[in-house]
Amino acid sequence: MINYDSPPIIQSNGRPTKIKLAPIYSQKEAEEEEEEEDRIRSASSFFILEMGSHVSKQVERRKAISTEKKTLCDLHQNCGEEFPGCDYKPSDRKNWMAGINPEKVHINKIVWPGTHDSATNKIGFPAITRPFAQCQSLSIYQQLVKGTRVLDIRIQEDRRVCHGILLTYSIDVVINDVKKFLSETQSEIIILEIRTEFGHEDPPDFDKYLVDQLGEFLIHQDEHVFNKTIAELLPRRVICVWKPRKSPQAKAGSPLWNAGHLKDNWIDTDLPSTKFESNLKYLSEQPPVSTRKFFYRVENTVTPQADNPVLCVKPVTGRIHGFARLFITQCFSKGVADRLQIISTDFIDEDFVDACVAATYARVEGKA
């Protein structure tokens, strides 16, 4: 206990006395101060432990990513990337379907090269938010010219394209690019998937908008389409899959296709080997393309995770980006190549397109 008494003072008569001083603070206040110091010490210890735990987790994550990248590299070294028809390259990627022969190419034999989050080339603000959401650096038109044939478009209520909370141009830009490409080609079929982004509302009357814009090109929803050749579908060129969150789904015979006709199993991870193996697993569970009445997509992508310091898309998805040919090779090796249909990627490149076209060519020519 703190003694607040003053030292004795000798009076003039020689008798000692004490003068009571006002305390600087009370005993209660002193105890409260000690308790606060204890809380600070406890909080500091907790913070140090948490920081240590966080650092430890990040070290383990980096080790896991490094191990998984090595797993794919080792698989590539041991198995290579050769599959039936792998040496085939289209002479004109802009017209690669025409180059294979529209009379022979059945819709269910195509291995469709697609892009993930296709309309993000100008998402957000350059050098600020764009690196966290940009999955493609090319415009829709440029992607189609390079050979892309499946587009993945996310929109919000005002018909602007978005990726999460970040925005870019209007859907009109996408539609105009598609129509420009169609006007310059004659036999290229496109799968245009448009969905309302998670957490957003459907644009009002959007189905009517799509039909108004693309009506003359739309291939109507009909399960017989899967067994038809490109030539049998022409001059209609677009399979438009509209996936609203709340609005009614398109019915059979409609100009638009419903969500049940384009499926995938999205695995949200930044671990490349985990994604690669999951893609193979889920693909193996699908019916062969010869009997399937829906399109099935595999995404050769990995995704930044909130608990990891690397949040920019390009360096993360780069962990798996170069293994598309390896994936196709593994499909043949494991006996599931007859299930492969759509394979999509971030930052599409020519070799990715060539690999998909080569697998298509092999099917059409009876080599696979």
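Rounded to the nearest 0.5 angstrom, L256 CG and D207 CG are separated by 6.5 Å. One finds the CG atom of L192 at 7.0 Å from the CG atom of L210 (value rounded to the nearest 0.5 Å). Taken from CG in N176 to OG in S170, the straight-line distance is 8.5 Å, to the nearest 0.5 Å. The distance from the OG1 atom of T269 to the CD1 atom of I320 is 9.0 Å, given to the nearest 0.5 Å. The structure places NZ of K228 at 9.5 Å from CD1 of I219, a figure rounded to the nearest 0.5 Å. Rounded to the nearest 0.5 angstrom, S333 OG and I328 CD1 are separated by 13.5 Å.
Judged by distance alone, the side chains of E277 and N279 never bring a donor and an acceptor atom under 3.5 Å apart. Under the 3.5 Å distance criterion, with hydrogens and angles disregarded, a donor-acceptor pair is assigned to the side chains of E299 and S344. Residues Q213 and K179 have side chains that bring a donor and an acceptor to within less than 3.5 angstrom of each other. Side chains of T115 and Q136: no donor on one and acceptor on the other come within 3.5 Å. Using a 3.5 Å distance cut-off with no hydrogens or angles, the side chains of D222 and H224 do pair a donor with an acceptor. For the 3.5 Å distance criterion, the side chains of N258 and H261 qualify, holding a donor opposite an acceptor. Residues D268 and Q305 have side chains that bring a donor and an acceptor to within less than 3.5 angstrom of each other. Between H76 and E81, the side chains place a donor N or O and an acceptor N or O closer than 3.5 Å (distance only, hydrogens not considered).
Pairing each heavy atom of N265 with each of Q286, the nearest pair is OD1-NE2, 3.9 Å. Minimum heavy-atom separation, I153 to S118: CD1-CB, 3.9 Å. When all heavy atoms of T120 and C135 are compared, the pair lying nearest together is OG1-N, 2.9 Å. Closest approach of Q143 and L138 over heavy atoms only: NE2-O, 2.9 Å. The two residues L166 and A133 make their nearest non-hydrogen contact at CD1-CB, 3.5 Å. In plain terms, the two heavy atoms of T168 and A119 that are nearest each other are CG2-O, 3.4 Å.
With a 4.5 Å cut-off on side-chain heavy atoms, E188 and R237 count as touching. Side-chain contact check for I348 versus Q142: every heavy-atom pair is 4.5 Å or farther apart. Side-chain contact between V211 and F206: absent, with no pair of heavy atoms (C-beta onward) separated by less than 4.5 Å.
Side-chain atoms of T67 come within 3.5 Å of backbone atoms of K63 as a donor-acceptor pair (strictly under, hydrogens ignored). Side-chain atoms of R93 never come within 3.5 Å of backbone atoms of G147 as a donor-acceptor pair (strictly under, hydrogens ignored). Put simply, the side chain of T301 never gets that close to the backbone of T345: no donor and acceptor are under 3.5 Å apart. Put simply, the side chain of E157 never gets that close to the backbone of P203: no donor and acceptor are under 3.5 Å apart. Although no hydrogens or angles enter the test, the distance criterion places a donor-acceptor pair under 3.5 Å between the side chain of S278 and the main chain of T274. Looking at D349, its side chain does come within 3.5 Å of a backbone N or O of F352 through a donor-acceptor pair. Although no hydrogens or angles enter the test, the distance criterion places a donor-acceptor pair under 3.5 Å between the side chain of E232 and the main chain of T229. Looking at T185, its side chain never comes within 3.5 Å of a backbone N or O of S187 through a donor-acceptor pair. No side-chain donor-acceptor contact under 3.5 Å links Q341 to the backbone of R297. Checking side-chain atoms of D202 against main-chain N and O of P244 turns up no donor-acceptor pair under 3.5 Å.
For OH of Y209, the number of neighbouring non-hydrogen atoms (other residues, nucleotides, ligands) closer than 6.0 Å is greater than 12. Atom NZ of K89 has 12 or fewer heavy atoms from other residues, nucleotides or ligands within 6.0 Å. A 6.0 Å sphere centred on CD of E285 holds more than 12 heavy atoms belonging to other residues, nucleotides or ligands. Counting non-hydrogen atoms of other residues, nucleotides and ligands closer than 6.0 Å to CD of Q186 gives a total of 12 or fewer. For E365, the CD atom counts as densely surrounded, since its 6.0 Å shell holds more than 12 non-hydrogen atoms of other residues, nucleotides or ligands. Within 6.0 Å of NZ on K70 lie no more than 12 heavy atoms contributed by other residues, nucleotides or ligands. Taking a 6.0 Å sphere around NZ of K146, one finds it holds more than 12 heavy atoms contributed by other residues, nucleotides or ligands. L234 CG: more than 12 foreign heavy atoms inside a 6.0 Å radius.
For the pair K263 and Y296, the cation-pi test (distance below 6.0 Å, angle within 45°) is failed. Because its NZ or CZ atom is not both nearer than 6.0 Å to the ring centre of F83 and within 45° of the ring axis, R325 does not count as a cation-pi partner of that residue.
Y361 and Y88 have parallel rings, their planes meeting at less than 30° on a 0 to 90° scale where 60° marks the start of perpendicular. Relative orientation of the H116 and W266 rings is parallel, given thresholds of 30° and 60° on the angle between their planes. Relative orientation of the W257 and F226 rings is perpendicular, given thresholds of 30° and 60° on the angle between their planes.
Look at R319 and E68 and you find no salt bridge, because none of the NZ, NE, NH1 or NH2 atoms lies under 4.0 Å from a carboxylate O. Salt bridge annotation for R61-D270: present, with a cationic side-chain nitrogen under 4.0 angstrom from a carboxylate oxygen.
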message: Pair K243, E193 - check salt bridge (charged side-chain N to carboxylate O under 4.0 Å, His left out), show working.
response: CA-CA 8 Å; K243 294 183 175 181; E193 178 200 34; 2.8 Å; yes
message: Pair I65, N308 - check side chain to side chain contact (heavy atoms under 4.5 Å, CB included), show working.
response: CA-CA 11 Å; I65 291 167; N308 194 287; 3.9 Å; yes
message: Set out, in order, the CA-CA distance, both residues' side-chain angles and the distance that settles side chain to side chain contact (heavy atoms under 4.5 Å, CB included) for H200 and R245, then state yes or no.
response: CA-CA 8 Å; H200 295 275; R245 292 184 59 79; 5.5 Å; no
message: Run the side chain to side chain contact (heavy atoms under 4.5 Å, CB included) test on D264 and V298 for me, step by step, so that the C-alpha distance in whole Å, both residues' side-chain angles and the decisive distance to 0.1 Å come before the verdict.
response: CA-CA 6 Å; D264 53 38; V298 169; over 6 Å; no
query: So E184 and K94, salt bridge (charged side-chain N to carboxylate O under 4.0 Å, His left out) or not? Walk me through it.
result: CA-CA 9 Å; E184 296 174 355; K94 184 177 181 179; 2.8 Å; yes
query: Should W112 and I189 be marked as a side chain to side chain contact (heavy atoms under 4.5 Å, CB included) after you check the CA-CA gap, both sets of side-chain angles, and the distance that decides it?
result: CA-CA 10 Å; W112 303 75; I189 303 291; 3.8 Å; yes
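No path of Ile, Leu, Val, Met, Phe, Trp and Tyr side chains, each step under 4.5 Å between heavy atoms, connects I190 with V105, placing them in separate hydrophobic clusters. Follow the hydrophobic side-chain contacts under 4.5 Å out from F295 and you never reach L218; the two are in separate clusters.
Shown are D177, D117, L144; of these, the side chain to side chain contact (heavy atoms under 4.5 Å, CB included) with L151 is made only by L144.
Annotation: F323 is not in aromatic contact with F276 [ring centroid separation under 6.0 Å not met].
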